[in-house]
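Below is one structure, written out as structure tokens; the observations come after it.
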Amino acid sequence: MSTVALQEKKPNLWQGGISPYGETTTWGKLMMWFFLLSDSFTFGAFLISYGTIRFANTQDWPNPNEVFSAFPGLGHADLPLVFVSLMTFILIMSSVTMVLGVRAGKENNQKGVLLWLGLTIIGGIMFLGCQAWEWTHMLTGEHPINLAGNPYGGPDGSFDAHSHGPVAFGQFFFTITGFHGFHVFTGIVINIIVWLFVLKGVYSKSGDYQIIENIGLYWHFVDLVWVFVFASFYLLSSL
Amino acid sequence: MATAEHKSTRGIWIVFTILLVVTVSEVFLALWWPGSWPALVLNFIFIIMTFTKAFYIISEFMHLKYEVKNLIVSLIVPMTLFIWFIIAFLADGNSWLIYRLSVN
């Protein structure tokens with residue numbers, strides 16, 4: 001008797017008739033999670049191959065404190081890592097506004113979603129703008145870092161106009177930050193499309209703001225990847 | 001209503017503060033780490049801090065902490081492949097380094 005009652009209370013999630021992921025996990029959310037799982041392996045492969053090349057490298061790796069020491073409008077001011085910290089702050093902030101947007105969606109609050117999702121879009125555009133400036137600065141400087149060359153070949157990865165550092169540095173930097181930037185770009189495009197749908201009141205009519213949570217997951221993933229890109233390129237030093 | 005809302009957004013701002021503080025300390029360490037101290041320790045601290053940030057983003061921002069256990073397990077189990085992935089490829093890079101140094 002008691003076991004039957006127990007079974008009725010807690011149905012076995014693996015015996016069919018009911019989703020093993022419960023009612024809170026919708027189809028769209030589950031598929032977004034599985035997409036992000038596969039995407040994390042794509043980024044993981046990039047970053048791990050970057051690690052492999054760094055391990056196999058016999059030269060000193062470019063010192064990030066020297067490579068990334070410029071700030072827009074400040075000429076030759078030596079401000080190591082300050083600009084990238086600003087970029088990181090912008091991305092974390094846009095993640096916070098996205099969480100608040102998802103929350104507003106759960107409360108069926110159309111104005112709240114428009115406000116917070118709008119701020120997330122602005123944050124994403126600001127981040128991309130920063131990245132565009134950083135790339136331009138690196139590619140068009142007097143001693144550019146690009147796919148074919150890298151002037152940071154001195155001792156401890158310092159700048160040396162007469163020697164060449166590992167070429168792989170620029171190749172990995174532009175590939176990985178470019179792939180991340182492309183994710184930010186697609187995130188912005190998707191966010192803008194959903195924002196317009198919210199403006200038209202599509203989800204207010206159906207009463208289902210689930211899509212905000214799904215695109216929110218994608219946006220947080222972009223932030224998550226940046227945490228690892230930031231560590232790999234700007235923090236981890238040569239042994 | 002206002003207090004309930006205030007309570008529910010508190011967790012978000014706590015995570016935001018954690019992420020900000022960890023990032024600022026990372027930059028601080030990167031700039032003022034004494035050159036005479038082993039870089040291995042510094043890199044180890046950076047990796048710990050990076051995973052701390054990842055944990056808070058996934059659990060709070062991506063809300064995974066509050067999801068059904070089956071979903072969490074379905075995502076964590078494939079992730080363990082990364083353990084092999086990282087060890088195998090970094091070992092490969094290291095063996096290349098040893099080979100290159102022996103050839104030169």
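Below, all heavy atoms of this structure are taken into account, side chains as well, without hydrogens, waters or symmetry copies. Chain letters run A, B, ... following the sequence lines, proteins first and then strands; every chain starts at 1.
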Any side-chain donor near an acceptor of the partner, B/Y66 and A/T24, under 3.5 Å: no
Contacting region of A/L47 [heavy-atom separation from chain B under 4.5 Å]: neither
Over all atoms of both residues, closest heavy-atom pair of B/F85 and A/G44: CE1-C, 4.3 Å
Option in B/L101, B/V27, B/I98, B/L75 with maximal non-hydrogen atom pairs under 4.5 Å from chain A: B/L75
Exam field: side chain B/N70 to backbone A/Y21, donor-acceptor pair closer than 3.5 Å: no
Aromatic plane relationship, A/F41 with B/F82 - under 30° parallel, 30 to 60° tilted, over 60° perpendicular: parallel
For chain B, the option from A/P64, A/S40, A/G51, A/A231 that forms the most heavy-atom pairs under 4.5 Å: A/S40
Chain B contact via A/T88 - which portion, at a heavy-atom distance below 4.5 Å: side chain
Contact class of A/I53 relative to chain B, heavy atoms under 4.5 angstrom: neither
Closest non-hydrogen atom pair, A/F55 against B/L90: CD2-O, 3.6 Å
A/A56 backbone acceptor or donor facing B/R100 side chain under 3.5 Å: yes
B/N43 side-chain N/O to A/S237 backbone N/O, donor-acceptor pair under 3.5 Å: yes
Among B/F16, B/F46, B/W13, B/W33, residue most engaged with chain A (heavy-atom pairs, under 4.5 Å): B/F46
Interface moiety of A/F221 toward chain B, non-hydrogen atoms closer than 4.5 Å: both
